[in-house]
A.B. asks: 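Please read through the structure below; I'll follow up with questions.
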Amino acid sequence: MTNDTNVTWHEHQVSRSLRESMKGHKGCVIWFTGLSGSGKSTVANTLDHKLHQMGVHSAVLDGDNVRHALNAGPGMLRGAHGDDFAERFGLGFTAMDREENIRRIGAVAHLFSQAGIIALTAFISPYRQDRDRVRRTMDAGEFIEIFVDTPLDVCETRDPKGLYKKARAGEIKNFTGIDDPYEAPSAPELVLQASEKTPGVLADEVIHYLTTQGIIGATA
Ligand SMILES: Nc1ncnc2c1ncn2[C@@H]1O[C@H](COP(=O)(O)OS(=O)(=O)O)[C@@H](OP(=O)(O)O)[C@H]1O
Ligand SMILES: Nc1ncnc2c1ncn2[C@@H]1O[C@H](COP(=O)(O)OP(=O)(O)O)[C@@H](O)[C@H]1O
């Protein structure tokens, strides 16, 4: 066990503002939240592409991908310390596992932001308190919560991975929106009416917000 009192925070020589001035824009975390199939990944990737073309350094942290590596499930993990390893560190979809998923992602996204990068995260992140906890680890204006507001019936009709169908059939338990809760943000920085507009238009709405907040320059 680590004795937390023996772990010391270090200030680094290259400051955040030095990194940001090198890039010509600020670092931040753009936190997309919404139901499975709402369009989080699509908008995040479209935005990433547009920012890249503008010379803005961004990076996407995506639900399914992160759950293949950093936050792999018990079935994907093999440790050197016996069977207990996978059960202890693998993450599934209980409320506690989702909380830990979001905590780890928040910490990683924060590191990106401190390095002057615009981190785009695309996770359901269904619990308000988990998202708020991540927000509290960051500076004012650094955490930008974006609600990808697509109605459940639209997500269910899209069902690109067939997961809603399985959840309705009882083959997947605790599926968000079916038999597990989704708590919409109470005061997000932005709401995207994502069932009514193209991903390109939605990404432009985020770029407009970043410009008005001075995170990226009008000519970035
Ligand atoms: N029970 C249950 N509930 C919701 N989603 C499920 C579940 N089981 C698997 N999946 C798939 O996992 C993706 C969601 O992972 P996240 O890491 O974003 O979830 S969470 O933020 O921890 O709630 C989600 O991906 P997206 O559709 O991209 O959101 C699903 O493909
Ligand atoms: N604005 C949109 N309009 C129409 N279809 C969309 C839009 N955004 C995403 N989609 C489609 O909806 C499905 C789910 O999108 P995805 O980005 O994977 O959602 P999420 O990451 O929230 O699970 C995909 O088939 C995608 O092509």
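Along the sequence shown, residues carry numbers from 1. The analysis underlying the following values was restricted to heavy atoms, covering all of them including side chains, and did not include hydrogens, waters or symmetry mates. Both ligands and their constituent atoms are indexed starting at 1 by order of listing.
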A.B. asks: Determine whether Glu99 and Arg133 satisfy the following criterion, salt bridge (Lys or Arg N to Asp or Glu O under 4.0 Å), listing intermediate values before the conclusion.
C.D. replies: CA-CA 10 Å; Glu99 176 180 345; Arg133 198 174 291 123; 3.1 Å; yes
A.B. asks: With the threshold set at under 4.0 angstrom, would you say Gly34 reaches ligand 2 through any of its heavy atoms?
C.D. replies: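 Per 4.0 Å heavy-atom rule, Gly34 does not contact ligand 2.
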A.B. asks: Within 45° of the axis and under 6.0 Å from the centre of the six-membered ring of Phe93, does NZ or CZ of Arg67 qualify?
C.D. replies: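 The answer is yes; both the distance and angle limits are met.
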A.B. asks: Under a 4.0 Å N-O cut-off, is there an ion pair linking Glu145 with Arg128?
C.D. replies: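 Looking at Arg128 together with Glu145, the answer is no, because their closest N to O distance does not fall below 4.0 Å.
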A.B. asks: Check whether any N or O atom of Ser38, backbone or side chain, sits under 3.5 Å from an N or O atom of ligand 2, and answer yes or no.
C.D. replies: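 For ligand 2, there is an N or O atom that lies under 3.5 Å from one belonging to Ser38.
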A.B. asks: Between Lys23 and Glu20, does any NZ, NE, NH1 or NH2 come within less than 4.0 Å of an OD or OE carboxylate oxygen?
C.D. replies: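 Lys23 and Glu20: not salt-bridged.
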A.B. asks: Around atom 1 (N) of ligand 2, find the nearest protein heavy atom and jot down its residue, atom name and distance.
C.D. replies: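 Nearest protein contact, heavy atoms only, for atom 1 (N) of ligand 2 is Lys197 O, 2.8 Å.
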A.B. asks: Is Pro160 in polar range of ligand 2, meaning some N or O pair under 3.5 Å apart?
C.D. replies: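 So ligand 2 has no N or O lying under 3.5 Å from an N or O of Pro160.
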A.B. asks: Starting from the C-alpha separation in whole Å, work towards a yes-or-no answer on side-chain hydrogen bond (donor to acceptor under 3.5 Å, both in side chains) for Arg16 and Ser113.
C.D. replies: CA-CA 9 Å; Arg16 175 182 189 135; Ser113 174; 3.0 Å; yes
A.B. asks: Counting only N and O atoms by type, is there a donor-acceptor contact under 3.5 Å from the side chain of Lys197 to the main-chain atoms of Leu202?
C.D. replies: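 The answer is no, because no donor-acceptor pair under 3.5 Å joins these two groups.
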A.B. asks: Val43 versus ligand 2: do any nitrogen or oxygen atoms come within less than 3.5 Å of each other?
C.D. replies: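 Among all N and O atoms of Val43, none is under 3.5 Å from an N or O of ligand 2.
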A.B. asks: Based purely on interatomic distance, does Ser41 place a nitrogen or oxygen under 3.5 Å from a nitrogen or oxygen of ligand 2?
C.D. replies: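 In this structure, Ser41 places an N or O atom under 3.5 Å from an N or O of ligand 2.
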A.B. asks: Apart from Tyr164 itself, what residues make up its hydrophobic cluster when side-chain heavy atoms of I, L, V, M, F, W and Y under 4.5 Å apart count as a link, directly or indirectly?
C.D. replies: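 Members alongside Tyr164: Leu35, Ile124, Phe147, Leu152, Leu163, Ile172, Phe175, Ile178, Tyr182, Val191.
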A.B. asks: If you look at each N/O of ligand 1, which protein N/O atoms lie under 3.5 Å away, and at what distance?
C.D. replies:
from: ligand 1; atom 1: 1 (N); to: Asn174; atom 2: O; distance (Å): 2.8
from: ligand 1; atom 1: 3 (N); to: Arg98; atom 2: NH2; distance (Å): 3.2
from: ligand 1; atom 1: 3 (N); to: Thr176; atom 2: N; distance (Å): 3.4
from: ligand 1; atom 1: 15 (O); to: Arg67; atom 2: NE; distance (Å): 3.3
from: ligand 1; atom 1: 17 (O); to: Arg67; atom 2: NE; distance (Å): 2.7
from: ligand 1; atom 1: 17 (O); to: Asn101; atom 2: ND2; distance (Å): 2.8
from: ligand 1; atom 1: 18 (O); to: Ile124; atom 2: N; distance (Å): 2.9
from: ligand 1; atom 1: 21 (O); to: Ile124; atom 2: N; distance (Å): 3.4
from: ligand 1; atom 1: 21 (O); to: Ser125; atom 2: N; distance (Å): 2.8
from: ligand 1; atom 1: 22 (O); to: Arg67; atom 2: NH2; distance (Å): 3.0
from: ligand 1; atom 1: 22 (O); to: Asn101; atom 2: ND2; distance (Å): 2.8
from: ligand 1; atom 1: 23 (O); to: Arg98; atom 2: NH1; distance (Å): 2.8
from: ligand 1; atom 1: 25 (O); to: Lys161; atom 2: NZ; distance (Å): 3.1
from: ligand 1; atom 1: 27 (O); to: Ser36; atom 2: OG; distance (Å): 2.5
from: ligand 1; atom 1: 27 (O); to: Lys161; atom 2: NZ; distance (Å): 2.9
from: ligand 1; atom 1: 28 (O); to: Lys161; atom 2: NZ; distance (Å): 3.1
from: ligand 1; atom 1: 29 (O); to: Lys40; atom 2: NZ; distance (Å): 3.1
from: ligand 1; atom 1: 31 (O); to: Lys161; atom 2: NZ; distance (Å): 2.9

